[in-house]
Amino acid sequence: MRKMDQVVELIIFAGQSNMAGRGTAALAPTVTKEQAWEFRAVSDPTKLYPLTERFGYLENNPVGIWEPGMKTGSMVTSFVETYLTDSEKNVVALSASKGGSSITEWQPGTPYYRDLLERIHKAKNWLTQAGCQIERVTFFWLQGETDGDLKRSAEEYQGLATTFFKRLLEKDVDEIFVLEIGNQRDVPDLYLPIRQAQRNLGTLERVTFIPTSLAHMRESGHMIDLFHYDQYAYNLLGKEVAQALLAFNQENPKEAKA
């Protein structure tokens with residue numbers, strides 16, 4: 001960052017494997033904006049790094065979020081390229097995703113939850129000490145396929161996610177955005193209860209549901225296995241999420257002060 005008196009938006013990318021990214025980094029956009037950074041809360045919490053793919057691949061905590069070598073290409077650089085178009089915003093991105101994780105593993109007090117909070121607190125403290133003003137802590141959540149595989153009901157998933165979100169919103173994040181998951185490739189109705197729960201979660205205060213095109217990637221041939229997508233799909237997802245957040249900012253100018 002060119003100078004340390006910047007106003008920044010801290011954005012946490014959390015969830016399971018499709019947030020972590022199972023794409024191909026070489027096919028992801030290269031970030032051309034000078035206002036996009038990664039804070040590496042686990043591997044080097046001493047500075048900001050230019051944002052690149054494979055986003056978050058060094059952020060492995062043996063007693064928390066741990067998946068070395070698994071992050072191969074995500075939605076994050078595509079998101080940033082769209083979000084920062086014609087914008088003077090500064091974005092600091094924080095990785096907190098774990099492939100295969102269920103909603104029960106993110107409940108308050110669990111290892112993933114404690115690790116998540118530690119990452120957020122480290123990022124906030126570093127930015128504050130560097131003289132940055134954090135305008136908003138934005139939390140993106142893309143998770144639910146594992147719970148669909150477990151045939152968790154919409155009601156149970158919604159209840160567990162509500163507990164998780166409300167605790168985060170008490171003091172750690174300002175806004176939560178729930179990104180719609182797609183379908184299981186071979187059993188396309190399997191995740192419908194989770195997707196319904198995600199829509200319902202959008203009615204909570206300070207929680208917004210973002211519909212995505214992931215549900216159509218099975219038909220268009222952009223799934224690489226039962227659960228995951230190619231880089232084309234992640235790039236499109238990043239653009240969609242960025243456009244949704246830009247629209248949110250326009251509709252909620254008090255929340256988006258910059």
Side-chain angles (χ1 to χ4, degrees), residues 11-33 35-38 50-59 67-87 91 93-101 138-146 148-149 177-192 194-195 198-199 208-248:
I11 303 182
I12 300 109
F13 295 85
Q16 58 179 110
S17 54
N18 282 316
M19 179 61 92
R22 299 296 190 254
T24 304
L27 301 179
T30 298
V31 174
T32 61
K33 318 301 181 186
Q35 314 105 272
W37 307 87
E38 178 185 2
L51 185 59
T52 61
E53 297 290 352
R54 301 168 286 172
F55 173 71
Y57 77 104
L58 290 175
E59 297 300 273
E67 55 171 16
M70 298 299 289
K71 294 177 171 69
T72 57
S74 76
M75 60 163 270
V76 177
T77 56
S78 176
F79 164 83
V80 165
E81 275 294 280
T82 301
Y83 189 51
L84 295 181
T85 299
D86 300 323
S87 172
V91 166
L94 184 68
S95 173
S97 53
K98 173 63 174 72
S101 56
T138 300
F139 186 82
F140 286 141
W141 181 247
L142 178 57
Q143 186 276 338
E145 295 93 339
T146 291
D149 294 336
F177 296 86
V178 179
L179 283 52
E180 182 182 26
I181 64 170
N183 295 315
Q184 207 255 32
R185 187 188 63 189
D186 291 354
V187 189
D189 293 340
L190 187 59
Y191 298 161
L192 292 181
I194 305 303
R195 292 172 60 198
Q198 291 181 317
R199 285 189 288 273
T208 300
F209 170 72
I210 298 180
T212 75
S213 61
L214 291 182
H216 307 294
M217 291 301 166
R218 172 178 174 269
E219 290 77 12
S220 58
H222 291 288
M223 295 192 75
I224 61 174
D225 56 30
L226 296 180
F227 319 105
H228 305 117
Y229 305 91
D230 62 18
Q231 192 62 46
Y232 170 89
Y234 292 126
N235 292 347
L236 181 56
L237 175 65
K239 292 179 182 178
E240 292 173 337
V241 174
Q243 289 164 351
L245 187 57
L246 288 168
F248 176 89

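Fair warning: this is a prediction, and the values are worked out from it, not measured in the lab. Each residue takes its place number in the sequence, starting with 1. All values below come from the heavy atoms of this structure, side chains included, with hydrogens, waters and symmetry mates left out.
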Problem set entry | Closest non-hydrogen atom pair between L84 and A36, with its separation | CD1-CB, 4.0 Å
Problem set entry | N/O donor-acceptor pair under 3.5 Å between T72 side chain and G23 backbone | yes
Exercise. Which pair of non-hydrogen atoms, one from A25 and one from R54, has the smallest distance, and what is that distance?
Worked result: CB-CG, 3.6 Å
For this session: Verify the distance criterion only: is there a donor paired with an acceptor across the side chains of N18 and E145 at less than 3.5 Å?
Result: yes
For this session: Taking atom types as modelled, find out whether S95 and E38 have a side-chain donor-acceptor pair closer than 3.5 angstrom.
Result: no
Exercise. Has the side chain of Q231 got a donor or acceptor atom that lies under 3.5 Å from a matching backbone atom of T24?
Worked result: yes
Exercise. Would H222 and Y232 count as a close aromatic pair, with their ring centres under 6.0 Å?
Worked result: yes
Exercise. Between R185 and R218, is there a donor-acceptor pair closer than 3.5 Å when you use the side chain of the first and the backbone of the second?
Worked result: no
For this session: For the residue pair E240 and S213, confirm or rule out a side-chain donor-acceptor distance under 3.5 Å.
Result: yes
For this session: Give a yes or no answer on whether the side chain of E53 reaches the backbone of A26 with a donor-acceptor pair at less than 3.5 Å.
Result: no
Exercise. Between the side chains of Q243 and T82, is a donor N or O closer than 3.5 angstrom to an acceptor N or O?
Worked result: no
Exercise. Taking K71 for the side chain and S97 for the main chain, is one N or O donor matched with an acceptor at less than 3.5 Å?
Worked result: yes
Problem set entry | Any donor-acceptor pair under 3.5 Å from N235 side chain to L27 backbone | yes
